[in-house]
Amino acid sequence: MRYWIDTDPGLDDALAILLAVREVGESLVGLSSVHGNGEEPLMADNLVRVLATYDLVGLCPAGWSPSIARGARGPLGGGKPQRGEAYHGEACLGGLPWQATPEWTARIAPAAAALAIVEAARQSSDLHLVCLGPLTNVALAVALEPDLPRLV
């Protein structure tokens, strides 16, 4: 089986990502950011910082190179996401020393998360979509590929 995680990385999602990386390793083929604990640019930055930090301390499989995609900046109905600092701390990652690296930042795909999810589902007959944040990217992916529920 292969896995794709769609996430709005706060401390809770950072732990879930660590557990996934340690449990399924290279079968985690992609991750995407979505608004939720904050606006998407911060969530994309958090995702890269979390993955880079895990890699720097040796928690990722050697040579692991998952797809990373940026997703929806806000809810489909408009408005701004609520900020999660009140319960997740500074930058929604507890103010811990998460470290982005140029190598991980460069891995962010130019394609939007919805498209990346659809492409991954079309390429893998056993893809499992794990949604840890708002389902906006999934809704957009279903709009692009109405058969997505059958593909994952």
Side-chain angles (χ1 to χ4, degrees), residues 1-74 81 83-141 144-145 148-149 151-152:
M1 290 187 282
R2 297 182 184 275
Y3 300 88
W4 185 286
I5 293 178
D6 190 55
T7 178
D8 63 334
L11 284 174
D12 55 343
D13 289 15
L15 178 58
I17 292 166
L18 174 61
L19 295 172
V21 167
R22 300 302 294 162
E23 183 65 25
V24 301
E26 292 180 6
S27 293
L28 179 54
V29 297
L31 301 101
S32 49
S33 59
V34 66
H35 68 87
N37 285 313
E39 294 177 359
E40 190 282 331
L42 175 61
M43 298 300 99
D45 184 54
N46 282 0
L47 179 57
V48 170
R49 290 169 58 209
V50 164
L51 293 171
T53 299
Y54 291 161
D55 192 35
L56 286 169
V57 298
L59 296 173
C60 295
W64 179 58
S65 184
S67 295
I68 302 173
R70 292 185 62 170
R73 290 182 174 256
R83 300 282 303 205
E85 280 95 355
Y87 41 90
H88 287 300
E90 182 185 331
C92 298
L93 289 175
L96 298 171
W98 303 93
Q99 302 173 26
T101 63
E103 297 82 23
W104 279 94
T105 302
R107 292 181 188 188
I108 299 174
L115 183 57
I117 290 167
V118 168
E119 289 176 358
R122 288 177 177 160
Q123 292 174 3
S124 179
S125 62
D126 62 347
L127 185 70
H128 292 256
L129 186 56
V130 180
C131 302
L132 304 178
L135 299 177
T136 311
N137 290 337
V138 177
L140 294 170
L144 291 172
E145 174 55 80
L148 184 67
L151 295 174
V152 296

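Count residues from 1 along the sequence. Given the structure is predicted, the values throughout are model-derived calculations rather than measurements.
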Checking side chain to side chain contact (heavy atoms under 4.5 Å, CB included) between T7 and each of V50, V34, L47, which is the one that passes?
L47
Find the distance between CG (L115) and OG (S32) and round it off to the nearest 0.5 Å.
11.5 Å
Just one of T53, V48, L51, L56 clears the side chain to side chain contact (heavy atoms under 4.5 Å, CB included) bar with T101, so which one?
L56
Using a 3.5 Å distance criterion without hydrogens, assess whether the side chain of N46 forms a donor-acceptor pair with backbone atoms of G10.
no
With heavy-atom distances below 4.5 Å as the criterion, would you say the side chains of S67 and E119 are in contact?
no
Side chains of W104 and D55: do they bring a donor and an acceptor to under 3.5 Å?
yes
At their closest point, which heavy atom of G25 faces which heavy atom of W64, and how far apart are they?
O-NE1, 3.6 Å
Non-hydrogen atoms of G74 and T136 that approach each other most closely
O-CG2, 3.8 Å
Measure from the side-chain N and O atoms of R2 to the backbone N and O of S124, and report whether any donor-acceptor pair falls under 3.5 Å.
no
Indicate the atoms forming the closest heavy-atom contact of V138 with C131, along with that distance.
CG2-SG, 3.6 Å
Do you know which two heavy atoms are closest between N37 and P9, and how far apart they sit?
ND2-C, 4.2 Å
Are V130 and W4 close enough that some pair of their side-chain heavy atoms sits under 4.5 Å apart?
no
So OG of S27 and NE2 of H128: to nearest 0.5 Å the spacing works out to 10.0 Å
May I ask you to test the D8-P134 pair for a side-chain heavy-atom distance under 4.5 Å?
yes
If I take atom CZ from residue R70 and atom CG from residue D45, how far apart are they, to the nearest 0.5 angstrom?
9.0 Å
Are the side chains of V29 and Y3 in contact, using a 4.5 Å heavy-atom criterion?
no
What is the minimum heavy-atom distance between E145 and L151, and which atoms define it?
CG-CD1, 3.8 Å
Closest approach of A72 to N137 (non-hydrogen atoms, all atoms of both residues):
N-OD1, 2.7 Å
Trace of the side-chain hydrogen bond (donor to acceptor under 3.5 Å, both in side chains) decision for E40 with S33:
CA-CA 7 Å; E40 190 282 331; S33 59; 2.5 Å; yes
